[in-house]
Amino acid sequence: MKLKALNGFKDTLPGETPLWRRLEDLARDVFARFTFSEIRLPILEKTDLFARSIGAATDIVEKEMYTFPEKQITMRPEATASLLRAYIEHGLYVQKPVQRLFTIGPMFRHERPQQGRLRQFHQMDAEILGSANPRVDAELMAMGAMLLSELGLTVSLELNSLGCPVCRPGFREGLLVFLASRQEALCDDCRRRMHTNPLRVLDCKNPACRGIVEDAPSIQDHLCPDCRTHFVAVQDGLDQLGIVYSLNRFMVRGLDYYCRTTFEFITADLGSQSAVCAGGRYDGLVEELGGPKTPGIGFAMGMERLVLLLQKQQQPAAGAEVDLFIAGLGEAASRLCFSLMHRLRQAGARVMMDPDGRSLKSQMKQADKAFARFVLILGDAELERNTGMLRDMTTQEQQEVSLGDTRMLLDAIAA
RNA sequence: GUGGGCGUGGCCUAGUUGGUUAGGGCACCUGGUUGUGGCCCAGGAGGUCGUGGGUUCAAGUCCCAUCGCCCACCCCA
């Protein structure tokens, strides 16, 4: 085999697209209930946009981006940066005080692929811009929870607050002191992480590190009054909506722009790629990118991960995608079938035929495999009378119908 | 970037201590009386055994290299 897709890039074959459709359709429906509007964004942006928003020192920006260096442009590794760029560029903030936006599409990161992680992957992103009210934090999480629940998935919600520029630096220093005192016992990665991003040590999966981190200071005890109030109110909002969650003081974010509320919906069924939806607040980011001071919060859902989970649950059999299969016997009949098929399609029916005019038995088999609900058989006998034999594939009943009036035929197969 | 595993027709796979035309299942095609599906039966098409070297009288089966894929770490959705 010579030509193949690139490593980490996958075709979604016809057998899988119904599941993707179901996911997208339900997501659009739930987002609509929460009065989110769709925004569609380009895949290429200036490299600088991502460096400034995600953080120049993050792994994503340092080594995982698909960049055309000579042009200084990059294929987006996530959607929030692009969305905020569009928000600022088009002055959406003057149109209404609070914007609720979602976008669905491919993202690109040059990582080593593994289960639930591709180089081209797809996310559904939802963002609320223009309100710092903890109520919208709860609302956004409720929306994620509703979608996941209606997909039939069992996930748990974990919540934390990362503080803000007022309180986080102090916590970070305290944490650093603590870690330095125990660094002999930390894993190699964490000794390195201590200096690049000490908060990351908190969610190291190494058992030894986990044990140490148990005794580390908690961000939740070091929030400034404003962040503390906000955090409490977020929890109150979740409680009001009946959203179950658990506090996780070890959960941090990989991207630089997050502050205050952070959350993840976690599954136990996907190996190490356990987060199917993650997000948080980023109150300083719009301003950082040159827009007005605007609070914001959002989440991203990994669609491949959701599809993997959906595939693990029992799937109902594929429904009929064909209303009518027209089986013609002989060239003359096939000619008639061809034009009849087109007229029925114009009238809205889903119709197919065998272009090669195989045996009737073969055509019946094809109709069966296509889950056609009806087969219309046209042979010499029917030709003479301008009729067709209409067979209901589920009841096996047949009746001769006139071809003179397509309306009647349509009614027959619509029943 | 670092580990581990695996590469046999479209898909899943059997292939003994290297030995005659590489088997099977699914899917596909054609039939099983004259114009009829889902079951069953028969027949058929489809494979340079990832690739390139090497050892050998002989390699899918051993050795080396190379490419590819998967899983895990890292990171993240």
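Below, chains carry the letters A, B, ... as their sequence lines are ordered, and counting in each starts from 1. From a predicted model like this one, the values you see are computed outputs, not experimental measurements.
If you check every strand for non-hydrogen atoms under 4.0 Å, A/Arg358 touches sugar and phosphate atoms only. In this structure, A/Gly116 reaches the bases: a heavy-atom distance under 4.0 Å links it to at least one base atom across the strands shown. Residue A/Asn7 is classed as a sugar-phosphate contact, given heavy-atom separations below 4.0 Å to backbone atoms only. Residue A/Thr58 is out of contact with every strand shown, counting any heavy-atom pair closer than 4.0 Å. Counting non-hydrogen atoms under 4.0 angstrom, A/Ala278 reaches the backbone sugars and phosphates but no base.
Nearest nucleotide to the side chain of A/Arg109, out of B/C74, B/A77, B/G68: B/A77. When the nucleotides B/C70, B/C76, B/G1 are ranked by their closest atom to the side chain of A/Arg112, B/G1 comes out on top. Picking from B/G68, B/C76, B/G31 the nucleotide with the shortest atom distance to the side chain of A/Ser359 gives B/G31.
One finds no side-chain N or O of A/Arg305 lying less than 4.0 angstrom from the OP1 or OP2 phosphate oxygen of B/C76.
With A/Tyr258 as the aromatic partner, A/Arg253 meets the cation-pi criteria of under 6.0 angstrom to the ring centre and within 45 degrees of the ring axis.
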Margin query: Does the protein touch nucleotides 33-42 of chain B at the base, only the backbone, or not at all? Give it as B, S and - per nucleotide, heavy atoms under 4.0 Å.
Written below: --BBBB----
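Using a 30° and 60° split on the angle between ring planes, A/Phe102 and A/Phe31 fall in the tilted class, from 30° to 60°. Relative orientation of the A/Phe299 and A/Phe263 rings is perpendicular, given thresholds of 30° and 60° on the angle between their planes.
Side-chain atoms of A/Gln114 and base atoms of B/C74 include a donor and an acceptor less than 3.5 Å apart. Between the side chain of A/Arg117 and the base of B/C75 there is at least one donor-acceptor pair of N/O atoms closer than 3.5 Å.
In terms of heavy-atom proximity, A/Ser161 sits nearest to A/Thr262 at N-OG1, 4.4 Å.
Applying the side-chain contact (heavy atoms from CB on, under 4.5 Å) criterion to A/Val166, with sequence neighbours excluded, gives A/Cys164, A/Cys224.
The closest side-chain donor-acceptor pair between A/Thr394 and A/Asp392 falls under 3.5 angstrom.
Crowding of A/Asp29 atom CG: a count of heavy atoms from other residues, nucleotides or ligands under 6.0 Å exceeding 12.
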